Structures are given as C-alpha cells and as structure tokens.
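Written below as structure tokens is the structure these notes are about.
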Amino acid sequence: MTGTTATAYPNIALIKYWGKRDERLHLPVTSSLSLTLGVFATVTTVTISEELPADEVSLGDEPAPADFAAKVSGFLDLVRESAGDRRRARVHTVNTGPTGAGLASSASGFAALAVAAAGAYGLDLDRRALSRLARRGSGSASRSIYGGFVQWQRGEGLGEEGDLSSFAEPVEAPLLDPALVVALVDAREKPITSRAAMRRTVDTSPFYRPWVDSSAQDLRDMHTALAAGDLAGVGEIAERNALGMHATMLGARPAVRYFSPGSMRVLDRVLELRAEGVLAYATMDAGPNVKVLCDRRDGDRVAAAFAETGAAQRVLVAAPGPGAALVGADAHDQR
Ligand code: 2P0
C-alpha cells in the first residue's frame, strides 16, 4: 500500500509559548506568535497496514529511538480514535534540520505527522482542526500548520472547551519582508527537554507569573507593530519576550540555562549590529542557538557578522516558509 506524505517547516516564536495549563491536552498558559521558516523541513510518510501488530517508526535511515517512537504511536492513537480505525502504521520521518536542538524539530515533526496521519486515516480536517490535532503532539506544532506569521490562541477554559478554543491562525503582515538568521552555536541535543523545563519553570520559578502578565501586553504590542510594518518594534518586542522567558527559567529551582558562551558572543554581535544601524533582534528557544530577525535585504550582512564571531558552526538565512501540506498524489484533495 502506498503511503501519505506531508511536509512541514519549523517555526520560531516571537512571542513565546512557555508553560501549560493542561498537560494532557497541551493547553498553553499564554498565546504565542511565530514565524514559520523556509528551511529545515520535515517530511513524513504514514502507511497504514493490516498486517502490522504495532506501529513501526523510523527516523532517517534508522529505526526511531524508543521515546520518539512512543510519542508518535501515542499521537497515532488519537488519530485512530477519531477515525474509528484500529490499524497500525509505518511512519517514516526525515528531518532536514538538527533534531532536539532548540530548532523546533518537534514543531515541524508533529505538524507533518498530523497532516500525513489525518490523510492516511481519512480524517477530513480543515486547517484549524489540523492545528488542534498537531497541538496534541507538541504545542508549538499547532503553529507550523500555517506559513508566515502565525498566532496560537491560548483558548479559554479546560477540557473540551480548552481543546476546541486553542488553535493557530495566520496573521497578516504585508508591510514586512523579514528574514530570520539562524546561528547554529551547537547542534547537539539539549540537556533538558523543553517539556520538562517548562514544567519546572511553571512549578518553581517566582518570575513565571510576571512574565505571563507581560507576555499578554507583548502580544498586543506585537500585533500593532506587525500591522504597521514596524520591524524595529517587532524585533524589540520579540527580544524582550524571549529574554523574559529565559529569565523565568533562570529563576526555576534548579535553574534551567540554555545559553552557552557561544550564544552570548552572538547576542553581543547583535547589539553591535544595531549600533551600526542594522535592525537586528535576537530570540532564543530551548537551546543555545540564536535566531535573529532582520529585514530580508540585511540577511547576508547579518549572517556574515555572525560567521566572523567564530561562535557559530553554521549560519543560515531563512525566509518565511509555507504551512504544512500533503505532497505528491495526495496533495490535490487538500483544503
Ligand atoms: C516556543 N518553545 O514558543 C517555545 C519557546 C521552546 C521555547 O514551544 O511540551 O516542543 O511538546 O508542547 O512545543 C518548545 O516546546 O513543547 C517550544 P510541548 P514544545 O516555540
């Protein structure tokens, strides 16, 4: 039997998701807003089989590690339950970016899996429903269903009310032509998963609540800046929101610190670039890599500046990318 293949791209949050109000349904404490990138696609194929006694999951050319396979299988259980179909599946995933290094491989991964699995099991889902489904795999994956700027609504309430109201939707910003320059400081897997780190932050950091409150204002300000095409405003808000999120982690007990000396060197260079008149603003996620928002015309200059620091193993300029999509023969039935 032929499989159903989908592709999805990572997204980088400019207003961060950090903390859940419901661990099972992946309902976030705050709404977040991201930019989907045009690099580091995940390509996932789901092939249903009558004969398989259990799901078979591969990552690249290898059988997937047990924890990865268990997450994929748990996600497929949700799809099977909705579809009323108990058959198992083969899942083959190829990540073109580094896995587990704070570059949102779980976002592109679960967005691609949601689209491919919904297609394979015959679920007829619109984009909002796909974003809710992807959310169940990894919160940030809800945003990778769409391209460009995307907001993930926290939604209201818990249980079914929360599940129905927490989804992503696109945000228009026609006056901006941005790029995100990614400085890969270290592509190794992170010492603590973002899931564990955000739980510890919510449970123990005295700085968590103040960040939640300030993030709501950041989101309102971000919408104003995006609508006005105000790149400096967008960048300043994104940078303060990200540094604030990392401050909540530094306040956790024990502290969670994703910055490395290389990250700091890149952050210093961002300040120098601004002093030189370049609109460049940094954000960081659950890893040491630094992503810098700038105008697309400045992308190469910013990338060259980071390469000169010697702190980055690799630097690349990412333009905004598309939403998750079926590929090949399945693509024609897409909505
Ligand atoms: C974000 N991050 O908004 C934030 C900022 C990392 C730092 O979303 O537990 O892998 O699977 O819902 O989506 C990473 O968290 O967490 C993340 P789960 P996820 O991009």
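Numbers here are sequence positions counted from 1. Counting convention: from 1, in listed order, for ligands and their atoms alike. A quick note: this is a predicted structure, and the numbers were derived from the prediction, not measured.
The proximity of Ser194 to ligand 1, defined as any non-hydrogen pair under 4.0 Å, is limited to the side chain.
A salt bridge does not link Asp298 to Arg301: none of the charged side-chain nitrogens sits closer than 4.0 Å to a carboxylate oxygen. Between Glu50 and Arg86 there is no salt bridge, since none of the side-chain N atoms of the basic residue sits less than 4.0 Å from a carboxylate O of the acidic one. The pair Arg90-Asp55 does not meet the salt-bridge criterion, since no charged nitrogen lies less than 4.0 angstrom from a carboxylate oxygen. Between Arg297 and Asp177 there is no salt bridge, since no side-chain nitrogen of the basic residue lies less than 4.0 Å from a carboxylate oxygen of the acidic one.
Ligand 1 has a nitrogen or oxygen under 3.5 angstrom from a nitrogen or oxygen of Ser106. At least one N/O-N/O distance between Gly139 and ligand 1 falls below 3.5 Å.
Residue Trp18 has at least one heavy-atom neighbour below 4.0 Å for each of these atoms of ligand 1: 6 (C), 7 (C). In the vicinity of Ala13, heavy-atom distances shorter than 4.0 Å reach the ligand 1 atoms 1 (C), 3 (O), 20 (O). When each atom of ligand 1 is checked for a heavy atom of Met245 under 4.0 Å away, the hits are 5 (C), 7 (C). Using a 4.0 Å cut-off to heavy atoms of Lys16, the atoms of ligand 1 that qualify are 3 (O), 5 (C).
With Phe167 as the aromatic partner, Arg128 meets the cation-pi criteria of under 6.0 angstrom to the ring centre and within 45 degrees of the ring axis.
Between the Thr248 side chain and the Met245 main chain, a donor and an acceptor come within less than 3.5 Å of each other. Judged by distance alone, the side chain of Tyr208 and the main-chain N or O of Trp18 form a donor-acceptor pair under 3.5 Å.
Aromatic rings from Phe110 and Phe75 are positioned such that their centres are separated by under 6.0 Å.
Judged purely by distance below 3.5 Å, without hydrogens or angles, the side chains of Thr44 and Thr93 pair a donor atom with an acceptor atom.
Regarding atom 19 (P) of ligand 1, its nearest protein heavy-atom neighbour is Ser138 OG, 3.4 Å. Residue, atom and distance of the protein heavy atom nearest to atom 2 (N) of ligand 1 are Tyr17 O, 3.9 Å. With respect to atom 20 (O) of ligand 1, the closest heavy atom belonging to the protein is Arg143 NH2, 2.8 Å. Looking only at heavy atoms of the protein, atom 5 (C) of ligand 1 is closest to Asp285 OD1, 3.3 Å. Residue, atom and distance of the protein heavy atom nearest to atom 13 (O) of ligand 1 are Ser140 OG, 2.7 Å.
Compare Met198, His26, Lys20 by their heavy atoms: the one nearest to atom 9 (O) of ligand 1 is in Lys20.
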